[in-house]
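Here is the structure we will look at.
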There are 2 protein chains.
Amino acid sequence: MNDASLTPAHGATDKPPTSSEIGERIWLAIAERRLRPGTRLKEEQLAEIFGVSRARIRQALAGLASEGLVQLLPNRGSVVAAPTVEEAGDVFFTRKLVEERIIERLTPRITPRQIAELRKHVARERAAAEADAVSDVIRLSGGFHMSLAELLGSEFLISTLRDLISRCSLITAVYRDSAHYNCGPDEHSEIIDCLAAGDAGAAMRVMRTHLDHITTSLDLDVERQIESDLKRVLG
Amino acid sequence: MNDASLTPAHGATDKPPTSSEIGERIWLAIAERRLRPGTRLKEEQLAEIFGVSRARIRQALAGLASEGLVQLLPNRGSVVAAPTVEEAGDVFFTRKLVEERIIERLTPRITPRQIAELRKHVARERAAAEADAVSDVIRLSGGFHMSLAELLGSEFLISTLRDLISRCSLITAVYRDSAHYNCGPDEHSEIIDCLAAGDAGAAMRVMRTHLDHITTSLDLDVERQIESDLKRVLG
DNA sequence: GACTACAAACTTGTAGACAATACCGTAGGC
DNA sequence: GCCTACGGTATTGTCTACAAGTTTGTAGTC
């Protein structure tokens with residue numbers, strides 16, 4: 001693993017990062033494909049990189065493991081997870097259902113003020129896309145979907161969606177063929193229009209189409225060989 | 001918290017329990033309503049009860065927190081979570097969708113040998129129900145659903161369903177009105193029949209009905225006041 | 001008499017050290 | 001020449017001690 005792949009652009013900070021900040025940085029490194037599936041994540045190495053003790057690293061890794069981003073091998077360490085094609089299908093299928101549920105429940109209760117907030121978010125997405133700020137684009141495009149869950153306020157759906165989006169980011173990082181990062185802001189805008197019009201059915205349809213676009217942009221048919229499959233390939 | 005509520009029936013073991021064993025015991029205590037929502041879970045106290053150090057307790061609590069069973073309050077400790085009525089709706093809704101997906105994918109590939117395994121499982125459920133072995137009944141009724149996911153072999157759906165079943169157990173523990181524990185074996189048997197017949201549609205229908213039965217057995221309309229709602233009640 | 005500021009006790013958060021386990025290279029035997 | 005057994009090295013798993021934060025009780029003041 002290249003140490004530079006985890007150090008943030010804005011340089012070293014004074015305070016030691018919290019375990020969730022560490023998790024976020026590792027997550028971003030995975031989503032940006034700087035950390036490839038199969039990469040070993042040694043605790044001591046990470047502890048040195050982030051300037052914290054191993055205990056905090058273990059916390060962060062445990063969190064990432066529960067989100068399915070890293071795999072914890074007992075007594076043998078952690079590696080960046082390598083989702084299978086089948087798993088990818090399940091994840092996107094589930095995400096579609098959960099996001100439709102969110103839309104369905106959010107539509108009748110959303111306020112004009114919240115609509116405005118969402119539009120601002122999409123504007124930030126556009127700005128980041130035009131500036132080619134890859135980290136921001138990835139974070140913001142997931143952030144739009146998270147915002148919908150947060151507006152709804154259901155703790156369960158929020159944490160479930162966070163989990164699903166993380167997994168989707170990993171999947172797209174593995175199976176996406178080109179530079180086209182996550183979802184585009186135009187379809188997000190369209191979803192907001194439906195929400196503003198109070199048309200839950202239309203919003204759900206657009207959301208479904210939107211997520212289908214992401215799915216179809218993946219090479220799920222191609223069998224991408226990844227590091228952890230090495231044994232199977234050569235065995 | 002009563003210490004006795006966590007000690008297992010079969011007495012103290014020689015070896016110290018692993019963090020997942022500790023998590024399981026706490027989970028069971030919650031599912032059996034021995035630990036009520038809002039109960040504080042002090043690390044040192046738990047460490048003494050299970051005869052391990054605090055580090056292992058923290059692991060167990062972190063795992064339970066990611067399943068939504070306990071709530072981690074930074075610098076203030078952990079309490080047994082108190083799901084709201086709205087959250088309960090979301091959880092059951094999502095569980096229905098996930099279990100239907102499992103059934104849908106499992107039906108065309110299930111083998112007679114696996115059918116036989118499932119029938120054996122239901123037989124164990126019946127035996128436990130007749131013997132009034134509450135712990136076993138709770139574990140086995142959830143176990144049936146887990147078995148379906150495990151037969152399918154999708155890591156994602158397995159971990160997702162484990163999460164959902166845990167949350168459902170907590171919800172039923174909070175909102176169920178009487179002694180009727182989780183799901184009955186008869187409907188499980190019916191699901192197996194549909195699987196054996198290769199009729200995915202029927203199996204999905206039965207599963208949906210089955211889960212609806214659990215939902216309707218809850219007092220979701222009644223506002224059960226729980227400790228963490230104290231402020232809202234008195235404020 | 002009620003409110004605010006302070007102090008003590010308790011609980012969690014963190015770090016560092018030690019023990020257990022798994023992997024890799026080497027030597028010996030078949 | 002290949003396989004197996006052994007030992008060194010590296011990495012994870014666990015525990016104990018200390019630091020930081022929060023809550024609770026108490027005294028002083030308005």
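In what follows, every chain begins at residue 1, and chains take the letters A, B, ... in the order their sequences are listed. Note that these values count all heavy atoms, side chains included, but never hydrogens, waters or copies made by symmetry.
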For atom CZ of B:Arg76 and atom P of D:dT24, their distance in whole Å: 10 Å

d(CD, B:Glu48; C1', D:dC15) in whole Å: 16 Å

Atom pair distance, as rounded to whole Å: CD in B:Glu43 and P in D:dT16: 15 Å

Cationic tip of A:Arg101 above B:Phe93 ring, under 6.0 Å, 45° of axis: yes

Sugar-phosphate, base or nothing in reach of A:Arg56, heavy atoms under 4.0 Å: sugar-phosphate

Between D:dT22 (P) and B:Asn75 (CG): distance, integer Å: 5 Å

Test side chain to side chain contact (heavy atoms under 4.5 Å, CB included) applied to A:Leu148 and A:Ile110, A:Leu161, A:Leu106, the passing residue: A:Leu106

Any side-chain heavy-atom pair of A:Arg139 and A:Trp27 under 4.5 Å: yes

B:Arg54 CZ to D:dC18 P, straight-line distance once rounded to whole Å: 14 Å

Spacing of A:Lys42 atom NZ relative to D:dT9 atom P, expressed in whole Å: 16 Å

Integer-rounded Å distance: D:dT12 P and A:Leu73 CG: 10 Å

DNA chain D: 5'-proximal contact among B:Pro74 and A:Glu44 (nearest heavy atom): A:Glu44

Distance below 4.0 Å between B:Gln59 side-chain N/O and D:dT14 OP1 or OP2: yes

Value in whole Å for how far the C1' atom of D:dT11 lies from CG of A:Leu72: 13 Å

side-chain hydrogen bond (donor to acceptor under 3.5 Å, both in side chains) evaluation trace for B:Ser135 with B:Glu32: CA-CA 7 Å; B:Ser135 302; B:Glu32 287 181 359; 2.3 Å; yes

